Structures are given as structure tokens and as C-alpha cells.
Number of protein chains: 2
Amino acid sequence: MTRKFTKEALYEVTNDLLIQHGYAGLHFGLIAERLEITRGALYKYFKNKDELIIDLMIYEMDKFLQDLKVIRQYKHFNQQLEYLLDIIFKYSRIHQNLSIVYQIPTTKHVNEKVKQLEIRHHDMYAYLNAFIELGREEKRIHTEFPDHLILGFIFQTVNIPNQTNLPEKQWKTLIMNFLSQGMQADL
Amino acid sequence: MTRKFTKEALYEVTNDLLIQHGYAGLHFGLIAERLEITRGALYKYFKNKDELIIDLMIYEMDKFLQDLKVIRQYKHFNQQLEYLLDIIFKYSRIHQNLSIVYQIPTTKHVNEKVKQLEIRHHDMYAYLNAFIELGREEKRIHTEFPDHLILGFIFQTVNIPNQTNLPEKQWKTLIMNFLSQGMQADL
DNA sequence: ACCTAAAGTTACACTTGTGTTACTTTATAA
DNA sequence: TTATAAAGTAACACAAGTGTAACTTTAGGT
């Protein structure tokens, strides 16, 4: 019998439903309905929703990391920042959903997979720290700011709603300028 | 019979549980357990969790607005910004939880209360728009940035985790500096 | 053609949360 | 002192999600 849904479609749907309903509000019934299959089919592939969610995060993190490692090809900090913003926006859903991992009860035999996710998280920080270090070397980052504050500001930008629906390119330019110079008017 | 819990304690617990478990994960059993009462007691005051959540949001918004209106007493934009950051941090939980209102099904006869909440949201923007306008008049805001981008950056700051546990005052100063001048080093 | 194994469905027992009602407790005011 | 009403509890029927196992479907190899 041929499969009625692809892994990509499943992850797509799950990501959307996670954003809409949150961790506790997501359940196999919802996912099955969207994929036009029945709940039971999902249990052929995943023990429970926690396993599905972690698999999804690992999958998206792997794709993100593949893109992120390319950042080293850019020589200058500002180029790297622009590229980082590009891929953060490209993978905005995973960055909106990553924090829900902490809502998964640790008593659900997914600990092994959570560890795998943490490895990727750790790998991500290796790239990000190198990125920040370059910025400091190029004297583009004020010394008073700790790394995690800079990264916090950058990653939170995906949660700022583009209310006036500016074209994505223009929106990113504004974000980039704000991050570099703040709200201040020209000097 | 004397009450076993105050409104303040109930809202305190509900706010915490909302942050921990999200909208779908919150239920009367959890709240009752924390307050050391039984579920049934809560139904004496609220038809369901949606009503409780909206009442909570209205209550917190009212307190926030009372503080926010004082912003007009500060003459200069930078003073207003500092004050705004103070109260956003003071009411950080409500700003972390406000967005979950959109997860409440609109078919649960809480529409009247949702409207009341929207009124307060609207009032809030009246103050915020005046604040931004002052910033533009004082030429502290670059003209290229739309209002909602500035406000988005300001309100997202509550979600940046203070990982190194810097003292609150120092953290706020850094946030303030970043918002004003961006990450850039001294000019 | 037909066998088989992967894919999917259906039905069932179980668990957890909901909302209501009848009941119990207790401070207080007549 | 005792009546009462507000506060809280306990128990019930119901609704919704979970996980499993027996069953059905069907593409593809022989």
C-alpha cells in the first residue's frame, strides 16, 4: 500500500499546529485530520506526540544547521549578520517552537532523543559564538553587551509581527538596521 | 465560611501555570491543586477556564494601564522609554501571556469580555503612539522605522532570557542602550 | 494470478479533564 | 443560640484524547 503522506507534509502540518495550539493543545487527532488519515496510522511511526515533536525539532535543526554552517563563507560580520537573519526567517517556525521542548515531561522515555537535540543546540552555539566573536574583532559590537543579549535580540526578531505587511526584503533591511544602530535617527 | 484563597493568589497561580503549561495545558485541576482547594470551588466564580483567563488579562491590563498613564509625566522621550521598560518588566508575565487570547475558541460566550480586553488594548496603544510620536518629534527615532517595529522590539525584550543573571537594573540599562544605539560599538 | 508485507482503518478499554448538583462546613448577625 | 448564606467538597455523567490490537487494503515482486 502506498503511503498517504510524506514526512515533509507531516512535519509541515505539525509545525503549524504547534504554533496554533501549543504543545498541550496538539494531539494526534488534529494531525490526522489535516493529513486526511486516521490517528492509528501515526502510531505506526511514533510512540506518542512527544516523540513526533522531538523528531520534528531534530529534523528542522539539521536543516537549519546545514544552512548555518555556510555562514563561515562570509568574511565580514555584517554579511554574516545579514545571512543569519535570512536563515532565521527561513526557519522561523522552528525558532518559534523550540522553547516548547521544555514543556515535554522528562518521564516519557524520549530522553535519548532530547539529548540528540541538545547536541544540535550545542553545535548551533558553536557557530553563533564564532559569529559574535568576529563581530567583536571587527569592533562592530559594543563591549558592554554579553553574547546572549545580542543573540537574544537577533532571535526574538522572528516574533515581531510584520503588521503592515512590508515586503520581506524591506522588513529584513529594517530589522538589520535596527539591530546595528538601534532606533536612533541619523547622527 | 471564610474564603480559602484571594483573587490575587488565584491570578498569581494562573499566570504562572499559563507560562508553564500554555493555554491548552492549563486546567482547573492544576489551579485548584496549587491553591489547595477543590476544582468545584472555582466553578463558583468562573464558568470555565476561558472566563478566568480573560478576567485575569483584564485585571492585569488595568494595573498595567494605571502605571502606563503615568508615562505622560515624563517630559523627554528617553525618560519615557526608561519608564516604559520598567513597567513592561514589572508586568512581564501579562505580556508573555497576552498572545494566548487568540487561542481561546470564539464560540464560548466570552465574547463580551474579549471586547472589554480589546478596549484596554486599544487604550494602551493610545499611550504608546503618543510615546512614539514624542520620540519622532525629538528626532530620537529614525524615520524609516514604522511604529509597530519599534514597539515590537521594545515588547519582545521581556522574552530575552537574562541567562547570566545580571542584576535587573544592569540588565535594563543594557536593553535600553541596545534599543537606542543597537549593538554597535562607540562611534 | 496471487502472495505478502507495509500502510491504513476500526473498535475497544483506559485515562484525564469538564460541568453540574446535592451535600457539608462555618462565620456572622439577629 | 441558632438560622442562613456564602464557601467549599464530593460524586456523577459526560466528553475528549491515548494506546493497542485485530482487521482490511493494496502495490509490487515472483
Side-chain angles (χ1 to χ4, degrees), chain A residues 1-56 100-101 103-114, chain B residues 1-56 100-101 103-114:
Chain A
M1 204 174 169
T2 43
R3 279 190 64 156
K4 294 176 82 174
F5 63 95
T6 64
K7 189 165 73 170
E8 285 70 25
L10 168 63
Y11 285 162
E12 179 77 21
V13 161
T14 305
N15 245 329
D16 277 1
L17 291 174
L18 263 183
I19 287 172
Q20 267 183 58
H21 302 279
Y23 167 72
L26 180 75
H27 53 88
F28 275 11
L30 270 180
I31 299 172
E33 190 186 31
R34 284 278 187 103
L35 292 172
E36 295 181 289
I37 55 171
T38 54
R39 227 166 32 86
L42 292 169
Y43 283 97
K44 288 278 152 76
Y45 304 96
F46 305 94
K47 274 205 282 286
N48 51 48
K49 76 169 176 181
D50 301 284
E51 192 177 67
L52 164 57
I53 290 171
I54 306 241
D55 280 4
L56 160 66
I100 72 104
V101 172
Q103 292 186 37
I104 298 177
T106 49
T107 55
K108 280 208 169 174
H109 23 76
V110 285
N111 299 26
E112 185 48 48
K113 291 196 168 179
V114 171
Chain B
M1 203 173 170
T2 44
R3 279 190 63 154
K4 294 176 81 174
F5 64 96
T6 63
K7 189 165 75 168
E8 285 70 25
L10 167 63
Y11 285 163
E12 180 77 21
V13 161
T14 305
N15 244 330
D16 278 1
L17 291 174
L18 263 183
I19 287 173
Q20 267 184 57
H21 301 279
Y23 167 73
L26 179 75
H27 52 88
F28 275 11
L30 270 180
I31 298 171
E33 190 185 30
R34 285 279 188 100
L35 292 172
E36 294 181 288
I37 54 171
T38 53
R39 227 164 33 84
L42 292 169
Y43 283 98
K44 288 277 152 77
Y45 304 96
F46 304 95
K47 274 205 281 287
N48 50 50
K49 77 169 175 180
D50 301 282
E51 193 177 67
L52 164 59
I53 290 171
I54 306 243
D55 280 3
L56 160 67
I100 70 103
V101 172
Q103 291 186 38
I104 299 177
T106 48
T107 55
K108 281 209 169 175
H109 25 76
V110 284
N111 299 27
E112 184 48 47
K113 292 195 167 179
V114 171

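Here is the naming used below: chain letters follow the sequence lines, and residue numbers restart at 1 for every chain. All heavy atoms count here, side chains included; hydrogens, waters and symmetry mates do not. Because the structure is predicted, anything quoted here is derived from the model rather than measured.
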> If a pair satisfies side chain to side chain donor-acceptor pair (under 3.5 Å) and one of its residues is in residues 27-42 of chain B, list it, with sequence neighbours excluded.
none
> Measure from CD on B:Glu36 to P on D:dT9 and round the result to the nearest Å.
11 Å
> Taking the side chain as everything from C-beta on, heavy atoms only, tell me whether B:Val114 gets closer than 4.5 Å to B:Ile104.
no
> State whether the distance check finds a donor on one side and an acceptor on the other, under 3.5 Å, for side chain A:Arg3 versus base C:dG8.
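In this structure, the two groups form no donor-acceptor pair.
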> Report yes if at least one side-chain N or O of B:Tyr43 is closer than 4.0 Å to OP1 or OP2 of D:dT9; otherwise report no.
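Result: no.
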> Report the distance from atom NE2 of B:His27 to atom P of C:dT15, rounded to the nearest whole Å.
17 Å
> Which residues pass the salt bridge (charged side-chain N to carboxylate O under 4.0 Å, His left out) test with A:Lys49, sequence neighbours left out?
none
> Taking for each residue the nucleotide of DNA chain C bearing the nearest heavy atom, is the 5' side occupied by A:Gly40 or by B:Phe28?
A:Gly40
> Rounded off to whole Å, could you give me the CD1-to-P distance for the B:Ile31 and C:dG17 pair?
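In whole Å, C:dG17 P lies 12 Å from B:Ile31 CD1.
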> State the CZ-CD1 distance between A:Phe46 and A:Ile31, to the nearest 0.5 angstrom.
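The distance works out to 8.5 Å.
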> In whole Å, what is the span from the CG atom of A:Leu42 to the C1' atom of D:dT20?
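So the CG-C1' distance, A:Leu42 to D:dT20, works out to 14 Å.
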> Atom CD of B:Glu33 to atom P of C:dT16: distance rounded to whole Å?
13 Å
> Compare all side-chain heavy atoms of B:Leu35 with those of B:Val13 and state whether any distance is below 4.5 angstrom.
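Yes; the side chains approach each other to less than 4.5 Å.
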> Does A:Tyr45 put a side-chain nitrogen or oxygen below 4.0 Å from OP1 or OP2 of C:dA6?
no
> Using a 4.0 Å heavy-atom cut-off across all strands, classify A:Lys4 as base, sugar-phosphate, or nothing.
sugar-phosphate
> Once you round it to whole Å, what is the distance between P of D:dG8 and CG of B:Leu35?
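From B:Leu35 CG to D:dG8 P: 10 Å.
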> Find the distance B:Met1:CE to C:dT26:C1' and express it as a whole number of Å.
6 Å
> Would you say the side chain of A:Lys47 and the base of D:dG19 hold a donor-acceptor pair, judged only by whether the two atoms sit under 3.5 Å apart?
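Such a pair does not exist between side chain and base.
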> How is A:Phe46 classified with respect to the nucleic acid when contacts are heavy atoms under 4.0 Å: base, sugar-phosphate, or nothing?
nothing
> A:Asn48 CG to D:dT20 C1': how many Å, rounded?
13 Å
> With a 4.0 Å cut-off on heavy atoms, is B:Thr2 in touch with a base, just the backbone sugar-phosphate, or nothing at all?
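The residue B:Thr2 makes sugar-phosphate contact but no base contact.
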> Ignoring hydrogens and angles, are the base of C:dG19 and the side chain of B:Arg39 linked by a donor-acceptor pair under 3.5 Å?
yes
